[in-house]
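Positions are given from 1, in the same order as the sequence printed here.
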Amino acid sequence: MGTRSYGHFNDDTMLTNKVLWKGCGYSDDDLSRPIIGIANSYNEAVPGHTNLRQLAEQVKYGIYRAGGTPTEFGVIACCDGVATGHIGNNYVLPSRDNIADSIEIEAQAHKLDGLVLLGSCDKIVPGMLMAAARLDIPAIFVAGGCMAGGPAFAHKTKSDSTTITEAIGMYQTGQVSYEELQTLATVACPTCGSCQFMGTANTMCCEAEALGMSLTGSACIPAFYNERLRSAFESGEKIVELVKAGITSRQIMTRAALRNAIRVLMASGGSTNAVIHTCALAWELGIDPAEIMNEFDVISDEIPHIAKINPASTVYDSEDLYKAGGIPEVMKVICDSLELDVMTVTGKTLGENLDNWKNLYSPNQEIIRPLNNPHSRLGGLAIMRGNLAPDTGVAKPAAIAEEARSFTGTAVCFDSEEECTEAIRQRKIQAGNVVVIRYEGPKGGPGMREMYQPLKMLYGQGLNKTTAIVTDGRFSGTNNGCFVGHVSPEAAAGGPIALVKDGDRITIDVYKKELTLHVSDEELARRRAEWKHEPKPAIGYLRRYSRLAASADKGGVLMC
C-alpha cells in the first residue's frame with residue numbers, strides 16, 4: 001500500500017471523502033497534512049491498557065507539533081489473566097488475528113498515511129505488528145508500560161499479578177490463610193500497567209523495540225513514570241518524520257531485524273509465546289515460519305541468558321530491568337552478535353541508536369550480566385524436538401531450575417485444562433509425574449489456551465521442581481518449573497501427544513532440546529489405529545478459528 005500525496009483532498013474527485021472528514025470536525029489545513037491513525041487499544045477491563053487514553057493525547061500532541069493530523073480509532077484488547085480459568089481463555093490467541101484484521105481494515109478504508117500502534121498486552125502487541133507488516137506503511141509501536149510490583153510475599157521480594165495463583169496452591173497445602181489470600185488479591189497489582197514480569201506482554205513490547213519498531217529504550221518504561229508520557233509524545237513526532245521520509249514497516253521489520261529480536265529474546269529470557277507470535281509475524285512478512293523456528297533453534301546455542309527478572313528471578317521485575325538499562329543495555333552487551341545496520345523508527349540504524357543512547361539510571365550486573373558471566377549458558381528459550389513433538393515444542397530454560405532441566409517421569413494425562421486443574425486441586429499430582437494436557441492447541445482448544453494456572457498451582461504446592469507439564473497449549477511468560485508447550489502436531493491433528501497413556505515414561509531434556517516418549521514405534525502405531533477424536537463444540541469466531549488455524553509451529557495464523 002503506497003502513501004498518498006498531501007493535499008490529496010484538494011482534488012475535486014475526492015470531495016466526497018473530504019466532506020465526510022469535515023463532518024468529523026477536521027479543517028482544510030488538517031486535511032492538507034499527513035493523516036496519522038492512532039490504533040488505541042484502551043479499555044477499562046485490562047490494567048495494561050487503562051492508561052492508554054492519556055498516552056494517546058500525548059501522541060496527538062507530538063503529531064500536531066511535527067505537522068501531521070491525528071485520527072484515533074479503537075482496537076479490542078483481551079487480558080489473558082482475566083480470561084484464565086473459563087472459556088474466555090479460548091478467545092485470547094484468536095483475538096490477535098482479529099486485531100490485525102481490524103487495523104488493516106481501518107487503515108485501508110480511510111487511506112491513512114501512517115499508524116501509531118498503542119498497546120501493551122499479550123496478543124495485542126503482535127496483532128498490531130502483524131497489521132503493520134501487512135500494510136507496509138510507516139508505523140511505530142508505543143507501549144503502555146509495566147505495572148509496579150506489589151509487596152513481598154512468601155519467598156518473593158515483590159508480589160505480582162500471578163502470585164495469587166501460587167498462593168492458592170499454598171492455601172491448598174495449608175501454608176497461607178484465606179485472609180492472606182484476600183489481602184494479596186488487593187495489593188498485588190498496585191498500579192496500572194502490563195504485568196510486572198517478563199511475561200508475554202512485556203516480552204512483546206521488548207521484541208517491538210528490538211525489531212526497531214519502537215523508540216530506543218521505550219519498551220520497559222513503567223506505566224506510571226513521566227518518561228512514558230514523554231516517549232509517547234516523541235513517538236507522535238517520529239511517525240510524521242517517518243511518513244515524510246517514506247520509511248515503511250517492511251523496511252524496518254526485515255529478516256535481519258527478526259534475527260536481532262530473537263537474539264534479544266534469548267538474552268532476556270522472553271516468554272515462550274514470543275515464538276508463536278514471531279512465526280506469525282514472519283508469515284505476514286512473507287517469510288516461512290519454519291525458517292524462523294530454525295533461527296530460534298540456532299540462536300539459542302549462540303546467545304546466553306544475561307538478563308534475569310521474574311519469573312527467572314524472585315527479586316527483580318520489569319521496573320528493575322528498566323532502571324538497569326532495559327533493552328538497549330541488553331543489546332549493548334550482545335552487540336557483537338547483532339546486525340547493527342538495520343533501519344529503525346528513529347530514522348537511524350540500530351547501531352546509531354545504541355551509540356547515542358544514554359541510561360538515565362545505573363547498570364545493575366545482578367540483572368544484566370556481561371557475556372563472560374551470564375546467568376546461564378543456555379539461551380532463554382529452547383526449541384524442543386523428539387518423537388513426542390515431531391514438529392517442535394517450546395521450553396523456557398530461563399524459568400526452569402537447573403536441577404529440573406533434565407527430567408524423566410510418568411505421564412498423567414488430561415484432555416482439557418479443567419480436568420487437570422481439578423486433579424491438582426484434589427492433590428492427585430505427585431512428585432515424578434509428567435502432566436500431559438492435550439486437545440488445547442489452536443484447533444483443539446479451540447484457541448490454544450494458556451496452561452498458566454496448572455503450573456502455578458503446582459508451584460504453590462511445592463512441586464515445581466519435581467513435576468513437569470507437557471501440552472499442545474501455551475504457557476504464560478510468568479510460568480516457571482519444568483514445562484514444554486506448543487507441542488506440534490497438536491492432539492486434535494493426530495499428533496503423538498494424543499497417543500500418550502497414563503504411566504508412560506517421558507523425558508524432557510532442555511540441554512539436548514529433546515522431548516521423548518519412551519514408547520516403541522510399534523506400540524504407537526497400534527494406539528494410532530485405535531485413536532478417535534471428536535472436536536469440541538464451538539460457535540461463532542471460535543468455530544471459524546478452529547477450521548482455519550495453522551499449528552503452533554506455523555504461528556497459529558489463519559490459513560485461507
Visitor: Tell me whether Asp101 is salt-bridged to Arg96, with the criterion being a basic N under 4.0 Å from an acidic carboxylate O.
Guide: no

Visitor: Look at Lys428 together with Glu422 and state whether they make a salt bridge at an N to O cut-off of under 4.0 Å.
Guide: no

Visitor: Salt-bridged, Glu419 to Arg438, with N to O below 4.0 Å?
Guide: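 No, Glu419 and Arg438 are not salt-bridged.
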
Visitor: Hey, are Glu366 and Lys308 close enough for a salt bridge, meaning a charged N less than 4.0 Å from a carboxylate O?
Guide: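 Answer for the salt bridge query: no.
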
Visitor: Looking only at heavy atoms, what is the nearest atom pair of Thr50 and Cys192, with distance?
Guide: OG1-CB, 3.3 Å

Visitor: For Phe407, check ring pair (Phe, Tyr, Trp, His ring centres under 6.0 Å) against everything at least two apart and list the hits.
Guide: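 Not a single residue meets the ring pair (Phe, Tyr, Trp, His ring centres under 6.0 Å) criterion with Phe407.
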
Visitor: How close do Gly460 and Thr173 get, heavy atom to heavy atom, and via which atoms?
Guide: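 Heavy atoms of Gly460 and Thr173 come nearest at O-OG1, 4.1 Å.
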
Visitor: Just jot down the salt bridge (charged side-chain N to carboxylate O under 4.0 Å, His left out) partners of Glu418, sequence neighbours excluded, or say none.
Guide: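 Arg449.
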
Visitor: My understanding is that only residues two or more places apart in sequence, or in another chain, count here; which of them pass side-chain hydrogen bond (donor to acceptor under 3.5 Å, both in side chains) with Tyr42?
Guide: Glu44

Visitor: What residues form a ring pair (Phe, Tyr, Trp, His ring centres under 6.0 Å) with His277, not counting sequence neighbours?
Guide: none

Visitor: Phe197: what forms a ring pair (Phe, Tyr, Trp, His ring centres under 6.0 Å) with it, not counting sequence neighbours?
Guide: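 Here no residue qualifies.
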
Visitor: Test of understanding: with ring pair (Phe, Tyr, Trp, His ring centres under 6.0 Å), list the residues that count as partners of His518, not counting sequence neighbours.
Guide: none

Visitor: Going by the rule side chain to side chain contact (heavy atoms under 4.5 Å, CB included), which residues pair with Asn387 if we only count those two or more places apart in sequence or in a different chain?
Guide: Thr516, Leu517, Leu524

Visitor: I'd like to know if the side chain of Asp415 reaches the main chain of Ile437, judged simply by a donor and an acceptor atom lying under 3.5 Å from each other, with no hydrogens or angles considered.
Guide: no

Visitor: Return the set of residues passing side-chain hydrogen bond (donor to acceptor under 3.5 Å, both in side chains) with Glu402 (not counting sequence neighbours), or none when no residue passes.
Guide: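 So Glu402 forms no side-chain hydrogen bond (donor to acceptor under 3.5 Å, both in side chains) with any residue.
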
Visitor: Has the side chain of Gln196 got a donor or acceptor atom that lies under 3.5 Å from a matching backbone atom of Glu319?
Guide: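 Not a single qualifying donor-acceptor pair exists.
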
Visitor: Give a yes or no on whether the backbone of Asn464 and the side-chain of Thr467 come within a donor-acceptor separation of less than 3.5 Å.
Guide: no

Visitor: Backbone N or O of Ala83 within a donor-acceptor pair of the Asn89 side chain at under 3.5 Å?
Guide: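 A pair under 3.5 Å: no.
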
Visitor: List for me each residue that meets salt bridge (charged side-chain N to carboxylate O under 4.0 Å, His left out) alongside Asp80, sequence neighbours excluded, and say none if there are none.
Guide: Lys123, Arg474

Visitor: By salt bridge (charged side-chain N to carboxylate O under 4.0 Å, His left out), which residues pair with Glu530, not counting sequence neighbours?
Guide: Arg526

Visitor: As a test of understanding, state which of Asp297, Thr392, Asp391 forms a side-chain hydrogen bond (donor to acceptor under 3.5 Å, both in side chains) with Arg385.
Guide: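 Option passing the side-chain hydrogen bond (donor to acceptor under 3.5 Å, both in side chains) with Arg385: Asp297.
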
Visitor: If we only count heavy atoms from C-beta on, is the Val434 to Val412 side-chain gap below 4.5 Å?
Guide: no

Visitor: With sequence neighbours left out, which residue pairs that include part of residues 428-472 fulfil the ring pair (Phe, Tyr, Trp, His ring centres under 6.0 Å) condition?
Guide: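 Every ring pair (Phe, Tyr, Trp, His ring centres under 6.0 Å) pair that includes a residue of residues 428-472, provided the two are not neighbours, is His155-Tyr459, Tyr439-His533.
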
Visitor: Using the test salt bridge (charged side-chain N to carboxylate O under 4.0 Å, His left out), find all partners of Asp301 that sit at least two apart in sequence or belong to another chain.
Guide: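 Checked Asp301 against salt bridge (charged side-chain N to carboxylate O under 4.0 Å, His left out); matches are Lys513.
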
Visitor: Stepwise, does the side-chain hydrogen bond (donor to acceptor under 3.5 Å, both in side chains) test hold for Ser551 with Asp553?
Guide: CA-CA 6 Å; Ser551 62; Asp553 64 299; 2.4 Å; yes

Visitor: Would you mind checking if Asp317 and Lys158 are paired as a salt bridge, meaning a charged N to carboxylate O distance below 4.0 Å?
Guide: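 So Lys158 pairs with Asp317 through a salt bridge.
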
Visitor: Quick one: CD1 on Ile103 to CG on Asn98, what's the gap to the nearest 0.5 Å?
Guide: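 Taking CD1 in Ile103 and CG in Asn98, the distance rounds to 10.0 Å.
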
Visitor: Among Thr200, Asn479, Asn202, which residue meets the side-chain hydrogen bond (donor to acceptor under 3.5 Å, both in side chains) test with Ser271?
Guide: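 Of Thr200, Asn479, Asn202, side-chain hydrogen bond (donor to acceptor under 3.5 Å, both in side chains) with Ser271 is met by Thr200 alone.
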
